Every structure is written in structure tokens, then in C-alpha cells.
Amino acid sequence: CRPSRPPEHRAACIASIFSWCFIALAMAARHVFLVITDLLSVFLFSGIIFGWAPLQEMLIKEGFYHELCAEPVPGGACEAQRTALNRAFTLATTAVSVAALPGGAFVDACGPMLGVTLAGVLNVSGLIGIALCKEYGSVKFDLFLVSFVIVAIGGSLTMFCGYSLPFLFPRRATLLIELTSCLFDASCIIFPGFKVLYDSGTRFEDLWWMYVGVCAVNFLLLIVAWSLNRQQLLMSRAGGGDQDGGNHSQGGGLQAKPVGHQLRSLEFLLIFLFAAIQVARSNLYLGVVDLVNGQIAAKQDIPESTRSTLTTIVGLIIPQGWLAVPLIEASIHRLGIFGTLHITTFVGVLYNVVQLIPNLWIQLVGAIVFAVFRAFLFSIITAYNAELFGPKTLGRVMGVCFLVAALVNLSQTSLVEMSLTSLDGNFAPVNLGSILVSLPIFPLVLFVQLRRRRLHLEDGSLRIPSRTYSHSTAACTAAHLSIAEQILCSSSSSEAAGLQVSLQEQPALAAETK
């Protein structure tokens, strides 16, 4: 565009500059479109089943499973009715863990395009089933139970696909993974929102039909967004290594080993025990927090209305783990994965200590600490596995961790029953036991950390965790995270790759730009 060049050349040069700017803006627009629709799907549909308490109240008021009661219970539910409702919740939460391994493998093999399509079909089908279950469900065919489990599986797959997004934005990979993790936690606030609308007079069926419409629109837009970024996705997936694991050589150490060897390593034993203990502790808190607060309120002669208000506030605090994103990011980057394991364990002990304080309003502090712990917990489990075992086996390693954690979680029923019967409603022994089982994690983490440091000094090819990985959730699905070197090295090449694609699509413009 120099003034010395002929006017026609200058005009062509200026036109090429404007065309390049237009292409850059179009690329930015489709990236923003993908990020918004992806994160929105995670928030609206990934972990909604964990906001069970307000949904259960609506189901009881609507008379779900009332036919199981020998005698009607005015303003409440009989034991058989509550058992049936609890069975639906238990099977749905179990389905989330059971679907982790095949869901992660499906997204690994087929990519997020087919993943979000299947997730959309599952979510829409499940929501339609819930909207129709009062009319078409029966004792012989429990349409609500089937539909709720389908929603759980669809939500789990939705979150799996969300972890493909960081591949496209290496400079923002950590932030996007943190947001996906925390939005999964925050999605359990959807049913409390339903409860507010339901109490204001909105019909139960209308709530679900509106949600079906939102779900269909969201997933259609998400499919379009992924298709607009398809070529960049293929390039990023190609950069993650070939199918036989050739890229494992970059990570060295355990990343170069087959999955069987990884599962027999001391590093896996650490995260295996960590997940089994801490995930079960997390679910135990969610199951007994209202009972513990009720015990404290009874000792202090606090009115039932006050306790109910506090229960509502606690229910709104727990989904706000996304506010801990800056803390998680700082911990991962400054302390690394082993340091963050220590921090997570310490925070987990802290919320149990708060539960031992016989003051009802201090339990709000405990809820805040637990929200932070939950965000750290499901983030560091995936960060650890991604750093040490690599992306090729991540889905299987995470699946094993959380399937075992789900089995340990089955002990919750016995612990609650023991506290309510043998201990006369006293949950202090359970909280003390929860603290005690966490304490051995500190020396075990330190031992593995020092051992890996010693091996690194002896063998310089063994990689120290880069601290660039962040976070996932209980559904164990960051199966598309690239290895740390890829995130670091491609931070400046992602946008260039997109520009290269555009230039290839327009040879004339590419030549003029050169």
C-alpha cells in the first residue's frame, strides 16, 4: 500500500486489508458464539439433578407416587412415597457416574459435534417425559424415573462435550475449564428457580414444556456453533496426537505407559483414595446438612421457620462455587497439582469443623467453605489425572476413580440411619469420622510428591506438572484436554491457525495479502 505503487495496486491492497479485518471479525464472532452456547448448555443442563430438594417438594405437592401410600398424609408424604422419590434420585445420580466412562469414550472417539447432538436428544427426550409423566405414567411403567435418569445421562454427556472447548482457545484454556467446572456445580440452582416459579402459580407441566423449548433451542444453536468451528476443532484434535498414543512421548513417564500400568502406579493409588474419600464426604455433606442444622436448631430452641429460611439460604450458597475460580486458578498455577491437593483436603476438614460448632448461623460460613471445597475437589481430580496420565487415558482413569467413589458413597445410607437411630439424631460422630478419614491424605500426598521430585532429579526426562491444567467435575470428563506442552506452545498459534484456514479458503486474498 506504499504511495509509490500504482493506484490500482493500492486499491487492491486496501481491499485485502479490509477483507482480512472482516475475516478476523467473523472468526471472533463464531468463537464467541461457540463459547456462549457451550457454557450456557453446561449451566442449564449438565448437573441439574443435584438440585433435588426443591424438585422433591414440587413432586410431593403434585402427588407423585401418592398411590403407594396406604393412607393419605395431609400436607406431606408417606414413607413409601419418599422412598420411591429417593430411589429416582439415587438411580439418577448413579447414572451420572456409570455414564462417565462410556460417555467420555464416545466424545473421545466421535468428537463434540456428535456428542452435543446425542446430549441434546437425551435431554429433550427426558424433559418431555417428565412433562408427560403425570398424564401417561403409571405404577407399572414409572415414566418419571426413566425420564429423570435420561436427563441425568444427557446432562453428564453435555458436560463431557464442554471440555472440548479449551482445545480451540489455548490462551484461555484454564479459564474455560474452570468456568465449565463451576457452571456444572452452579447448574443445581435450576430447580430452586423452578420452585420459585411454581410457588408463584406456574403450572408444573408448563415449567417443563418451557424448559423443553429452551433445551431444544440451546442445543440446536450449539450444534451450529460447533459446525462453524469444525475445521479449527479438527486441527486442534489432530494436534493432540495420533490414535496409538504417539503424542504420549511428549509427556514421558506415566503418560507413555499403557492404561494398565497407570492403574497399578502409586500416583493412581493416591488419586484413587483421594477421590473415593473426598467425593463420598462431599455427598455426605449434601445429604445431612439439613439434618445437622436441624439438630443445632433443636438444641438452641430456634423456630422451625428460621431453620427453614436458613436451609433455603444454604441451598442457594452451595451452587456458587464458580466464585472460587480465581482461587482455583491461583492455586493450580502457584502451587501445582500436589499443593492444590493439600489445599483441597484442608478446606474439606475445615467445613466439617464448622459443622461441629453448635451455632446455626455459623453454618452459613460452613456452607460457603463447602462450596469452595466442592469447586476445588472436582477441579483438582481432573487436573491431577490430566497432568500425570495424559489425555489419551484420561477418560478411563477418571471413570475408574468415580465409579469407585460411587460405591463408597453407598455407605451414606447406613451412616445417616445410624445417626438418626442409634445416636438419637447426633451427627457429631459422623463429622468427626469424616475429618479423621481425611487426615491420612496429607502424608500420602507429600510422599508421592517427594517421590516424583526424586525421580525427576534422577531422570530429567520425567516431566514435572506444568500447572497449566485446570479443572473438571464429578462427572469426570475432561477427556479432550491437551497435554500441558500443547497448551503452552499453541497459545500464540491458535489464532494463526484460524487465519491460515481462512486464507486457504480464499487463495486470491492470500496471495494479495502476501
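Each residue takes its place number in the sequence, starting with 1. These values consider heavy atoms only, across backbone and side chains, with no hydrogens, waters or symmetry-generated copies. Bear in mind the structure is a predicted one, so any value in this text is a computation, not a measurement.
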Identify the heavy atoms of [X] and [Y] that sit nearest to each other, and give their distance.
X      : Y      : answer
Ile277 : Val437 : CD1-O, 3.7 Å
Asn218 : Ser41  : OD1-CA, 3.1 Å
Gly321 : Ala375 : O-CB, 3.6 Å
Leu207 : Met58  : CD1-SD, 4.4 Å
Cys133 : Phe64  : SG-CE2, 3.3 Å
Ala119 : Thr158 : CB-OG1, 3.5 Å

Just do the side chain to side chain contact (heavy atoms under 4.5 Å, CB included) check on Met418 and Val430 with the steps written out, would you?
-> CA-CA 9 Å; Met418 177 189 70; Val430 170; 4.3 Å; yes
Heavy-atom distance under 4.5 Å between the side chains of [X] and [Y], does that happen here?
X      : Y      : result
Arg30  : Asn229 : yes
Leu59  : Phe204 : yes
Val289 : Asn293 : yes
Leu327 : Phe376 : yes
Leu183 : Ser46  : no
Tyr384 : Glu267 : yes
Ile337 : Leu388 : yes

Separation between [atom1] of [X] and [atom2] of [Y], rounded to the nearest 0.5 Å:
X      : Y      : atom1 : atom2 : answer
Ser147 : Asp142 : OG    : CG    : 8.5 Å
Cys188 : Leu316 : SG    : CG    : 9.5 Å
Phe191 : Ile48  : CZ    : CD1   : 4.0 Å
Tyr285 : Arg374 : OH    : CZ    : 11.5 Å
Ile296 : Gln355 : CD1   : CD    : 7.5 Å
Asn123 : Leu44  : CG    : CG    : 10.0 Å

Those residues that, when tested against Ile317, pass side chain to side chain contact (heavy atoms under 4.5 Å, CB included) (two or more places apart) = Ile313, Leu364, Ala367, Ile368
By ring pair (Phe, Tyr, Trp, His ring centres under 6.0 Å), which residues pair with [X], not counting sequence neighbours?
X      : value
Phe43  : none
Tyr211 : Phe45, Phe194
Phe274 : none
Tyr65  : none

After noting the C-alpha distance and the side-chain angles of Asn385 and Ile381, does the key distance pass the side chain to side chain contact (heavy atoms under 4.5 Å, CB included) rule?
-> CA-CA 6 Å; Asn385 286 323; Ile381 289 176; 3.9 Å; yes
Show your reasoning for whether side chain to side chain contact (heavy atoms under 4.5 Å, CB included) applies to Ile380 and Ile332.
-> CA-CA 8 Å; Ile380 189 53; Ile332 289 286; 3.8 Å; yes
CA sep, side-chain torsions, deciding dist, call: Ile435, Asn431, side chain to side chain contact (heavy atoms under 4.5 Å, CB included) | CA-CA 6 Å; Ile435 293 173; Asn431 284 324; 5.6 Å; no
Evaluate the ring planes of Tyr351 and Phe373, with Trp represented by its six-membered ring, and classify them as parallel (under 30°), tilted (30 to 60°) or perpendicular (over 60°).
-> tilted
Is a side-chain donor or acceptor of [X] paired with a backbone partner of [Y] at a separation under 3.5 angstrom?
X      : Y      : value
Ser265 : Gln262 : yes
Ser187 : Gly47  : yes
Ser200 : Leu197 : yes
Thr345 : Leu341 : yes

Not counting sequence neighbours, list each pair that qualifies as a side chain to side chain donor-acceptor pair (under 3.5 Å) and has a residue in residues 271-282.
-> Gln278-Arg281, Arg281-Asn352, Arg281-Ser434, Arg281-Ser438
